[in-house]
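Here the structure is laid out as structure tokens; the discussion comes afterwards.
Lettering follows sequence order; numbering is per chain, from 1. Predicted model only: the values in this text are computed from it and were never measured. Side chains included, hydrogens not; waters and symmetry mates left out as well; all remaining heavy atoms used.
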Amino acid sequence: MQTSDSNPTVKSHPVEDVLARLMPAAISAQGQRGIESMLDGLTASCPAWPVERARHRSRKWIWSGGIAASIAAISVAAAQINDHRYRLVGSPTTYEQQLGSEGIHEDAEGRLMEAVRLRIVEEGRYKDILSGRLITLTNIQEETIFLPLADLSI
Amino acid sequence: MENPSQAWKEWLTENGPRLLLFARGWATSREDAEDLVQDAILRMWHHQRDKGGGPPDLPLVFSTIRFCGLNHHRSESRRRKREESVIYLNDFQDVWLDTVLEDDEEAVILRDAVQQLSPKLRDVVVMKVWGNLTFQQIGESLAISHNTAASRYRYALEQLAHELRRMKETRHANQ
């Protein structure tokens, strides 16, 4: 019997017509959520990709370069700073530091996940177009991400 | 830069059911099958990171599910030997395939028959009919020649046809 692989004009087997009236059952809602949550966690743990970090955050801004008190009125968002009197010099840099494990936890689906504490440091240099002064803006975020335990053995 | 998680989720929405169907043949329950799918996707994620990070090709995923299923089966066999007093019951209400049409007697018969095929034949049928793979791709996934894949598929169709005839004769004889 020829198959459609070898000859697309070959008629299908009668059983194939019946099989075409069956469709695979969908993954359960819980299973779908579990896999999607895992994918979000994997994306968050990959430094090459920008991420939506939906976990606990603490943010600190550190000023350097002898900034005067009047600078305190500037918005902490880099984009807002750029829209006012400060212009970004060069490209901002970002790097991550793994601070350590915070133990094993169970997620909502009962799966074991390791909590890992990360520090993400973003730095940008800005020029005050009025005074010509250069400032360095450093944004430090600390987050906890959750990695599936199975991830660790691969 | 596009969020890769979103690309994978879209890929999962499209291919999740066929992956689950394949995994059902390697698990004793739907929940275990979903665990196999998740395990395979995790392995694929790491595998794809060196290849651009996008979702993988289906033949490789099927092969990975099979690999995960074999590992799971080995650990399950060892666990069951330790728990011989526990009786494992199948969920008789659980089906792997849904009928597109209501009251489709032939589809219901074949739905059960597909689940009863031997793993060698069932894997080929699932990948061919619902995975839409070619025999070449099936062969690569199962590490067999495409001719062997095609032979198994033909044999499976004949078995299913025989079962369909037998069940219809039995049902009509009882009416």
Side-chain angles (χ1 to χ4, degrees), chain A residues 1-8 10-54 94 107 109-113 145-154, chain B residues 1-6 8-9 12-13 16-22 24 30-31 33-35 37-39 41-43 45-47 49 53 94-101 104 106-111 114 125-126 128-130 134-136 146 149-150 153-154 156-161 164:
Chain A
M1 182 188 84
Q2 278 189 311
T3 65
S4 57
D5 252 28
S6 55
N7 186 346
V10 171
K11 284 182 60 178
S12 61
H13 192 285
V15 165
E16 289 179 313
D17 295 336
V18 180
L19 293 176
R21 304 201 298 264
L22 292 165
M23 62 182 189
I27 293 178
S28 68
Q30 182 175 342
Q32 187 89 9
R33 280 197 303 273
I35 296 174
E36 291 183 349
S37 175
M38 178 189 75
L39 290 171
D40 287 335
L42 291 168
T43 303
S45 67
C46 181
W49 296 319
V51 297
E52 294 177 16
R53 299 186 189 271
T94 305
D107 66 4
E109 282 78 36
R111 300 184 196 281
L112 296 180
M113 313 282 274
I145 64 171
F146 293 82
L147 299 177
L149 268 189
D151 181 12
L152 305 176
S153 61
I154 296 173
Chain B
M1 187 182 301
E2 182 184 356
N3 186 339
S5 173
Q6 189 56 37
W8 280 74
K9 288 178 184 177
L12 176 64
T13 299
R18 53 177 59 102
L19 298 180
L20 178 63
L21 175 62
F22 187 84
R24 288 307 307 268
R30 182 176 58 80
E31 289 75 18
E34 291 184 349
D35 287 345
V37 172
Q38 179 160 348
D39 193 4
I41 290 175
L42 177 60
R43 293 172 185 272
W45 173 277
H46 290 283
H47 180 267
R49 282 190 65 176
D94 186 23
V95 294
W96 301 1
L97 294 157
D98 295 324
T99 57
V100 174
L101 305 172
D104 189 340
E106 290 182 327
V108 170
I109 292 172
L110 283 193
R111 178 189 68 190
V114 166
V125 169
V126 169
K128 185 74 175 75
V129 176
W130 294 286
T134 64
F135 290 124
Q136 183 71 34
H146 69 276
Y153 183 68
R154 286 194 295 270
L157 291 187
E158 292 308 316
Q159 275 200 6
L160 292 173
L164 184 60

Between chain A and each of [options], count heavy-atom pairs under 4.5 Å; write down the option with the most.
options: I109(B), T99(B), V108(B); answer: T99(B)
options: D104(B), L21(B), L160(B); answer: D104(B)
options: E31(B), R30(B), K9(B), E106(B); answer: K9(B)

Please flag which part of M23(A) lies under 4.5 Å from any non-hydrogen atom of chain B: side chain, backbone, both or neither.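 Both parts, backbone and side chain.
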
Pair Y153(B), E158(B): side-chain N/O donor-acceptor within cut-off below 3.5 Å: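 Judged by distance alone, the side chains do not pair up.
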
Answer yes if the side chains of D40(A) and S5(B) hold a donor-acceptor pair under 3.5 Å, and no otherwise.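 Yes, side-chain donor-acceptor contact under 3.5 Å.
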
Side chain, backbone, both or neither: which part of [X] has a heavy atom under 4.5 Å from chain A?
X: V126(B); result: neither
X: W96(B); result: backbone
X: L110(B); result: both

Rounded to the nearest 0.5 Å, what separates atom NE2 in H46(B) from atom CD1 in I41(B)?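 That separation rounds to 12.5 Å.
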
Who among L22(A), I35(A), L19(A), I27(A) has the most heavy-atom pairs with chain B under 4.5 Å?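 If we count pairs closer than 4.5 Å to chain B, L22(A) comes out on top.
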
Looking at every heavy atom in both A26(A) and P17(B), which two are closest together, and how far apart are they?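 Of all heavy-atom pairs spanning A26(A) and P17(B), the closest is CA-CG, 4.2 Å.
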
On a heavy-atom basis, which atom in S28(A) and which in E34(B) lie closest, and how many Å separate them?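 Taking every non-hydrogen atom into account, N-OE2, 2.7 Å.
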
Could you tell me if the side chain of L12(B) sits less than 4.5 Å from the side chain of E36(A), heavy atoms only?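 Side-chain contact under 4.5 Å: yes.
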
